[in-house]
Amino acid sequence: MNEPASSTRAEPAPQETPALEVRGLTKRFGDTVAVAGLDLRMPRGGVLALLGPNGAGKTTTVEICEGFQRPDGGTVQVLGLDPARDGERLRPRIGVMPQGGGAYPGVRAAEMLELIASCAADPIDPGWLLETLGLSNARRTPYKRLSGGQQQRLSLACALVGRPELVFLDEPTAGLDPQARRLVWDLVAALRRDGVAVLLTTHLMEEAEALADRVVIVDRGRAVADGTPAELTADPEGRQELWFRSQPALDLDLLRAALPEDYEATEQRAGQYVVRGTIDPQVVSTVTSWCARHGVLADELRVSRRSLEDVFLDLTGRELRS
């Protein structure tokens with residue numbers, strides 16, 4: 001990336017004004033309550049991941065923040081403006097990356113990006129963005145002939161070309177290969193460094209955990225968790241897991257006897273073992289010493305905690321949503 005950092009830097013703004021503030025947001029569609037009293041707050045330069053199962057109210061919430069829908073109740077402030085009332089003033093200051101792309105099928109990639117750039121007061125060079133996102137060879141390709149991954153990257157370029165202060169990214173890496181996904185992650189990190197706020201929706205828990213400063217999990221229109229990834233994945237009892245591989249069918253009664261009281265030791269699958277409890281250096285030493293005394297080679301020894309996916313499933317359930 002050769003473009004100077006200022007290419008994506010937002011204009012300085014009063015620090016007391018958050019990039020996004022939502023209070024008591026409600027939205028109904030007939031008898032269906034899509035959003036039920038939701039609160040959100042994101043500082044400038046922050047990355048907020050809004051997570052939830054299908055039908056949880058994520059898309060409705062984001063569309064209200066973008067100004068595409070009006071709320072039934074509550075207040076929404078985006079960069080200090082009401083998106084429903086101040087849309088003309090707000091739109092030049094935000095970038096929107098819808099999951100579907102939303103382009104005319106016959107428009108060429110460069111034409112689409114240049115058109116959006118022409119509406120901005122100080123756009124990023126479209127050619128640089130196309131090169132950075134690996135689309136230089138697709139400049140003259142009609143949108144409908146781009147691959148799914150190319151369409152996603154072009155949609156991201158369109159969201160960034162106007163130098164937004166706040167970017168809405170809806171499933172930004174859906175359909176991307178690992179190299180392109182890593183590029184998007186790097187771009188999000190660059191946006192944060194330049195003071196641009198990012199509201200991210202994704203079904204990839206690893207992505208949310210890697211990118212977000214704060215995560216809000218919503219279910220049935222309400223926030224069921226709100227915190228940093230570390231806060232949400234911390235076990236309230238301080239319990240962790242020590243994993244190792246070895247020969248199958250070890251006598252775990254002997255291992256349990258060597259461990260402090262209330263620790264669990266189980267064979268999850270053949271040859272894959274997990275010790276649960278407060279994993280400190282003494283416990284690691286106890287396990288490795290026990291293995292050494294019994295002639296057991298402990299392979300792939302690692303300590304892990306709950307993942308964001310574990311938290312998500314615990315809070316929203318494991319059944320499929322339509």
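Nothing fancy with the numbering, it's 1 onward along the sequence.
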Is the number of heavy atoms from other residues, nucleotides or ligands within 6.0 Å of CZ (R269) greater than 12?
no
Hydrophobic side-chain clustering at under 4.5 Å (ILVMFWY, transitive links): who's grouped with L51? Put none if nobody.
M205, V215, I217, V224, L232, L308, V311, F312, L313, L315
Taking the side chain as C-beta and beyond, is there a heavy-atom pair between R192 and V198 under 4.5 Å?
no
Could you state the interatomic distance from CG (L259) to CH2 (W290), rounded to the nearest 0.5 Å?
9.5 Å
Can a donor-acceptor pair be found, under 3.5 Å and without considering hydrogens, that links the side chain of E267 to the backbone of A249?
yes
Could you state the interatomic distance from OH (Y273) to CG (L250), rounded to the nearest 0.5 Å?
3.5 Å
How long is the gap from CG on L169 to CG on L211, to the nearest 0.5 Å?
9.0 Å
Could you tell me the separation between the CH2 atom of W185 and the CG atom of L176, rounded to the nearest 0.5 Å?
11.5 Å
Consider only side-chain heavy atoms of I, L, V, M, F, W and Y, link residues closer than 4.5 Å, and tell whether L40 and L81 are in one cluster.
yes
What verdict does the side chain to side chain contact (heavy atoms under 4.5 Å, CB included) test give for L135 and T141, after you've listed the backbone C-alpha separation in whole Å, the side-chain angles of each residue and the deciding distance to 0.1 Å?
CA-CA 10 Å; L135 294 170; T141 303; over 6 Å; no
Tell me the closest heavy-atom pair linking M42 and A197, and the distance in Å.
CE-CB, 4.0 Å
Assigning hydrophobic clusters by single linkage (Ile, Leu, Val, Met, Phe, Trp, Tyr; side-chain heavy-atom cutoff under 4.5 Å), is L130 placed with V167?
yes
Decide whether L48 and V35 are clustered together by the hydrophobic rule: side chain heavy atoms of Ile, Leu, Val, Met, Phe, Trp, Tyr closer than 4.5 Å, transitively.
yes
Polar side-chain atom of D86 near backbone of R89 as donor-acceptor pair, under 3.5 Å:
no
Side-chain touch L156/P172, heavy atoms, less than 4.5 angstrom:
no
Would you say Q268 has more than 12 foreign heavy atoms packed within less than 6.0 Å of its CD?
yes
In terms of hydrophobic clustering (I, L, V, M, F, W, Y; side-chain heavy atoms under 4.5 Å; direct or indirect links), are I279 and L301 co-clustered?
yes
Does any N or O in the side chain of S285 come within less than 3.5 Å of the main-chain N or O of P281, such that one atom is a donor and the other an acceptor?
no
Determine all donor-acceptor pairs shorter than 3.5 Å in which one atom belongs to a side chain in residues 109-121; sequence neighbours excluded.
| unit_1 | atom_1 | unit_2 | atom_2 | d |
| --- | --- | --- | --- | --- |
| E111 | OE1 | R108 | N | 3.2 |
| S118 | OG | L115 | O | 2.5 |

I'd like to know if the side chain of D213 reaches the main chain of V47, judged simply by a donor and an acceptor atom lying under 3.5 Å from each other, with no hydrogens or angles considered.
yes
With a 6.0 Å cut-off (strictly less than), is the heavy-atom count around CG of N137, excluding the residue itself, greater than 12?
no
Can L133 be reached from Y143 by stepping across I, L, V, M, F, W or Y side chains whose heavy atoms are under 4.5 Å apart?
yes
Sub-4.5 Å side-chain heavy-atom contact between R163 and I124
yes
Would you give the length of the straight line joining atom OG1 of T173 to atom CZ of R182, rounded to the nearest 0.5 angstrom?
10.5 Å
Please evaluate residues V218 and K58 with respect to the criterion side chain to side chain contact (heavy atoms under 4.5 Å, CB included), reporting the C-alpha separation (whole Å), side-chain torsions for both, the decisive distance (0.1 Å), and the verdict.
CA-CA 7 Å; V218 296; K58 304 186 304 297; 3.7 Å; yes
Taking all non-hydrogen atoms of both residues into account, name the closest pair between A298 and C291 and its distance.
CB-SG, 4.0 Å
Would you say the side chain of T61 lies within less than 4.5 Å of the side chain of T201, judging by non-hydrogen atoms?
no
With a 3.5 Å cut-off and sequence neighbours excluded, list the donor-acceptor pairs that the side chains of residues 68-80 form with protein atoms.
| unit_1 | atom_1 | unit_2 | atom_2 | d |
| --- | --- | --- | --- | --- |
| Q69 | NE2 | E63 | OE1 | 2.5 |
| R70 | NH2 | A84 | O | 3.4 |
| D72 | OD2 | R28 | N | 2.6 |

Please walk me through it: do E206 and E309 pass side chain to side chain contact (heavy atoms under 4.5 Å, CB included)?
CA-CA 8 Å; E206 177 191 6; E309 182 170 327; over 6 Å; no
Polar contact flag, side-chain donor to acceptor under 3.5 angstrom, W243-Q272
no
Can you check whether Q282's main-chain N or O pairs, donor with acceptor, with T286's side chain at less than 3.5 Å?
yes
Heavy atoms, side chains only, cut-off 4.5 Å: are R276 and T266 in contact?
yes
Measuring only between side-chain heavy atoms, which start at C-beta, is D251 closer than 4.5 Å to H294?
no
Report yes if the side chains of V184 and E207 come closer than 4.5 Å at any heavy-atom pair, otherwise no.
no
Straight-line distance of L90 CG to I94 CD1, nearest 0.5 Å:
4.5 Å
V283 and T278: which non-hydrogen atoms are nearest, and at how many Å?
CG2-O, 3.7 Å
Evaluate the side-chain proximity of L160 to L191: yes if any heavy-atom separation is below 4.5 Å, no if none is.
yes
Shortest non-hydrogen contact from T202 toward A208:
CG2-CB, 4.1 Å
Whether R44 side chain and G195 backbone form a donor-acceptor pair below 3.5 Å:
no
Minimum heavy-atom separation for S307 and T233, please, with both atom names.
C-CG2, 3.7 Å
Looking only at heavy atoms, the pair that brings Q150 and A138 closest together is NE2-CB, 4.1 Å
Checking R214 against D226 for the side chain to side chain contact (heavy atoms under 4.5 Å, CB included) test, could you report, in this order, the C-alpha distance in whole Å, the side-chain angles of both residues, the deciding distance, and whether it holds?
CA-CA 7 Å; R214 197 160 197 88; D226 182 351; 2.8 Å; yes
